[in-house]
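Naming: A, B, ... by sequence-line order, numbering from 1 per chain. Keep in mind that the numbers below use all heavy atoms, side chains included, and drop hydrogens, waters and symmetry copies.
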There are 2 protein chains.
Amino acid sequence: MRMSRTDAARNRERVVRTASEQFREHGYDGVGIAALMQAAGLTNGAFYKQFASKEALMAEATEQALAANAAAWDEVLARAGDDPLQAVAQWYLSDPHAGHRGPGCTYAALAAEAPRHDDPVRRAFDEGLRRTVGQIEAAAGDGEEAALRFLARLVGALTLARAVSDPELAARILSANAAADAPT
Amino acid sequence: MRMSRTDAARNRERVVRTASEQFREHGYDGVGIAALMQAAGLTNGAFYKQFASKEALMAEATEQALAANAAAWDEVLARAGDDPLQAVAQWYLSDPHAGHRGPGCTYAALAAEAPRHDDPVRRAFDEGLRRTVGQIEAAAGDGEEAALRFLARLVGALTLARAVSDPELAARILSANAAADAPT
DNA sequence: CAACTGGGATGACGATCATAATCTAAATTT
DNA sequence: AAATTTAGATTATGATCGTCATCCCAGTTG
């Protein structure tokens, strides 16, 4: 049955938000339209009334995920003391973040799959990355190159820590990288 | 028709090697048994005579991919001059490596998908990572923590550079991280 | 040489995939 | 109030998924 305009818009937004978490948790290929719609409390039939294709949803969901990540960074940075990068690193490389991929970092969860997808998805990463680098630059003031090194190290460390089977090895990866300004 | 023992073993090894490249290029979920067997010059029917499941092949292919990566690192390290980490970083973050995922780094290609899979796959990453860290330690002598930071930065940088749409941004990510011993 | 074995091809299994046509009923517009 | 529009449910499409039963025939073994 038909919904009101505002209800429909709310449903659409809920689908995007659900997708942004499901994709981060199971990968773009790991979640189908039917499962996704069900997780959002709807059925597959409603999908193509709201989105042109799965690829289009992937782009929107990635934007949404990166925006949520940026908000989380802002919150951590706002609470940080005199060493904001240290605060970000310790939060980013914490056990809770390593354990919960769905609400976590989009780079660590989906960036490796991005090159296999269309431009709208990859453009979302462009925009998100520029924003994240800007946040780091504003917090540290070391310039773009230093920000790109910092971010790369965090993303790589979280990805590797999540990949390994041995929890003790994962903990060493995280702790070795939790020092924000360590060399190499 | 039946093959000789040695032919069958060669076929099996070719499947693993093909899979190791196909998985790195298209992701574990992105390539099916039929397409994979065809790429190896066989048909789907031959698959389950050689492997217990796709997941079992994924584990073997990941081991094979990581072993090939380790050999490539050894080769680069052998050719390196007085700054081996610098040589590795420049090779690892080169345009050719960023452009060819299939024969490239397994961490950047598949580590993000590993947490969604069974223990044999993830154990392959344990073993591979310990070996890579050992290679870095032997080349640099800065200890495990420094090696883990170095590797995390390389993997993160390659992943992010591949994800973005803007080639100029990708180039900045690579060059900012190509300096082996830069701070943060 | 005869008996046996097993790797590969063919084809099919049910499940799931992305996509979409059809229908319904309520929201919107006239 | 009547006419129109449309979000969502239902159901169906052809393709592809991982897995496997069956058959065939050439290696291997006796």
*Answer with yes or no whether B/Lys49 presents, from its side chain, a donor or acceptor under 3.5 Å of a partner atom in the base of C/dG8.*
yes
*Qualifying ring-ring contact (aromatic ring centres under 6.0 Å, His included) pairs with a residue from residues 46-72 of chain A, counting only residues at least two apart or across chains*: A/Phe47-A/Phe51
*Scan nucleotides 14-19 of chain C nucleotide by nucleotide, 5' to 3', and note B when protein non-hydrogen atoms come under 4.0 Å of the base, S if they reach only the sugar-phosphate, - if neither.*
---SSB
_Suppose the criterion is side-chain hydrogen bond (donor to acceptor under 3.5 Å, both in side chains): which pairs have a residue in residues 28-44 of chain A, not counting sequence neighbours?_
A/Tyr28-A/Thr62
*Distance check: side-chain N/O of A/Gln50 vs OP1/OP2 of D/dG8, anything under 4.0 Å?*
yes
*Measure from CE on B/Met37 to P on C/dG7 and round the result to the nearest Å.*
14 Å
*To the nearest Å, give me how far apart CZ (B/Phe51) and P (D/dC20) are.*
15 Å
*With sequence neighbours left out, write down each residue that passes salt bridge (Lys or Arg N to Asp or Glu O under 4.0 Å) with B/Glu60, or none if nothing qualifies.*
B/Arg12
_Restricting to side-chain contact (heavy atoms from CB on, under 4.5 Å), what partner residues turn up for B/Glu55, sequence neighbours left out?_
B/Ser53, B/Met58, B/His117, B/Asp118, B/Val121
*asked:* Taking ring pair (Phe, Tyr, Trp, His ring centres under 6.0 Å) as the definition, give me every residue that meets it alongside A/Tyr107, ordered by chain and number, with sequence neighbours left out.
replied: none
*Pairing residues for A/Arg131 by the salt bridge (Lys or Arg N to Asp or Glu O under 4.0 Å) criterion, not counting sequence neighbours*: none
_Crowding at CD, A/Glu127 (>12 non-hydrogen neighbours, <6.0 Å)_ = no
*Salt-bridge criterion met for A/Arg17 and A/Glu13 (N-O under 4.0 Å)*: yes
*Name all pairs fulfilling the salt bridge (charged side-chain N to carboxylate O under 4.0 Å, His left out) condition that reach into residues 165-176 of chain B, sequence neighbours left out, sorted by first residue then second.*
A/Arg130-B/Asp166, A/Glu144-B/Arg172, B/Glu168-B/Arg172
*asked:* Ignoring hydrogens and geometry beyond distance, is the side chain of A/Arg2 in donor-acceptor contact with the base of D/dA7 at under 3.5 Å?
replied: no
*Once Watson-Crick and G-U wobble pairs under 3.5 Å are found, how is DNA chain C written in dot-bracket notation, 5' to 3', with | for any base paired to another strand?*
||||||||||||.||||.||||||||||||
_Residue pairs involving residues 100-112 of chain B (criterion salt bridge (charged side-chain N to carboxylate O under 4.0 Å, His left out); sequence neighbours excluded)_ = none
*In whole angstrom, what separates A/Gln38's CD from D/dA9's P?*
11 Å
_Close residues, residues 6-17 of chain B, relative to DNA chain C [heavy-atom separation under 4.0 Å]_ = B/Ala8, B/Asn11
*For A/Asp95, enumerate each residue passing the salt bridge (Lys or Arg N to Asp or Glu O under 4.0 Å) test, keeping only those at least two apart in sequence or located in another chain.*
none
